[in-house]
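Numbering starts at 1 and runs along the sequence shown.
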Amino acid sequence: QVTLVESGGGSVQAGGSLRLSCAASGDTNSPFCMAWFRQVPGKEREAVAVIIHIGKKIWYADSVKGRFTISQDNTNNILHLQMNSLIHEDTGMYYCAAGGYRCSAYPERRDVYNYWGQGTQVTVSA
């Protein structure tokens with residue numbers, strides 16, 4: 001069992017930055033991947049950035065490449081998402097997720113993640 005708690009969301013103007021954090025507790029050695037997803041009302045939850053522990057790979061959605069950076073503090077079991085050059089389309093609820101072995105092959109799929117946080121809202125004004 002893994003418990004995930006996000007923080008760091010807020011409101012920012014376009015061009016600004018935010019840093020999201022996700023504190024993990026419980027069986028933190030079990031996930032094969034740690035990820036950030038986002039969702040806006042009326043749309044499906046989509047993967048934004050993923051750390052794949054096997055091979056130490058990182059996956060980013062095309063829409064955030066060059067602007068977002070995912071990182072993990074293994075000592076304190078905290079996942080971060082540094083978001084720079086924010087645009088209005090980055091607005092949404094951001095969720096932290098922990099995945100089983102299938103996430104190594106399909107990091108962008110929602111159904112390969114077993115645990116989710118409650119989300120933190122990010123609002124970017126144009």
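- A donor-acceptor pair under 3.5 Å is formed between the side chain of E6 and the backbone N or O of G119.
- Nearest heavy-atom pair across L18 and G10 is CD1-O, 3.9 Å.
- To the nearest 0.5 angstrom, Q121 atom CD is 8.0 Å from S11 atom OG.
- Closest approach of S21 and I78 over heavy atoms only: CB-CG2, 4.1 Å.
- Residue Y101 is not grouped with residue V112 when hydrophobic side chains (ILVMFWY) are merged at heavy-atom distances under 4.5 angstrom, including chains of intermediate members.
- Side chains of M83 and V64 form no contact here, defined as non-hydrogen atoms less than 4.5 Å apart.
- One distance of note links CD of Q72 with SG of C22; it measures 9.0 Å at 0.5 Å rounding.
- Panel note: side chain R67, backbone S63; a donor-acceptor pair is recorded below 3.5 Å.
- Taken together through direct or relayed side-chain contacts under 4.5 Å among Ile, Leu, Val, Met, Phe, Trp and Tyr, F32 and Y60 form parts of separate hydrophobic clusters.
- Minimum interatomic distance between L79 and S71 (heavy atoms only, all atoms of both residues): CD1-O, 3.4 Å.
- Using cut-offs of 30° and 60° for the angle between ring planes, the Y94 and F68 rings count as tilted.
- Figure legend: cation-pi geometry between R45 and Y95, with NZ or CZ positioned under 6.0 Å from the six-membered ring centre and within 45° of its axis.
- Proximity of W59 to I70: side-chain heavy atoms (C-beta onward) are nowhere separated by under 4.5 Å.
- Of the inter-residue distances, the one linking Q1 atom CD with N114 atom CG reads 10.0 Å to the nearest 0.5 angstrom.
- A 4.5 Å side-chain heavy-atom check between C96 and W116 finds every atom pair outside the cut-off.
- Here the closest non-hydrogen pair linking A47 and F37 is N-CD2, 3.3 Å.
- Both L81 and I58 belong to a common hydrophobic cluster when Ile, Leu, Val, Met, Phe, Trp and Tyr are linked at side-chain heavy-atom distances under 4.5 angstrom.
- The main-chain N or O of P107 is found under 3.5 Å from a side-chain atom of Y113 such that the two form a donor-acceptor pair.
- Across S17 and S85, no two heavy atoms sit closer than the pair OG-N, 4.4 Å.
- Rounding to the nearest 0.5 Å places OG1 of T123 at 11.0 Å from CG of D90.
- Here the side chains of V124 and E89 are not in contact, with every heavy-atom distance at 4.5 Å or above.
- Of the possible polar contacts, none joining the Q118 side chain to the V5 backbone as a donor-acceptor pair under 3.5 Å is found.
- When atom types are taken as modelled, the side chain of H53 and the backbone of P31 share a donor-acceptor pair closer than 3.5 angstrom.
- Linking Ile, Leu, Val, Met, Phe, Trp and Tyr residues whenever their side-chain heavy atoms come within less than 4.5 Å leaves L20 and M93 in two separate clusters.
- Here the CG-OG distance, from L86 to S125, works out to 10.0 Å after rounding to the nearest 0.5 Å.
- At most 12 heavy atoms of other shown residues, nucleotides or ligands fall within 6.0 angstrom of atom CD in Q13.
- Across M34 and A98, no two heavy atoms sit closer than the pair SD-CB, 3.6 Å.
- Between the OG1 atom in T69 and the CG atom in N84 there is a gap of 6.5 Å [rounded to 0.5 Å].
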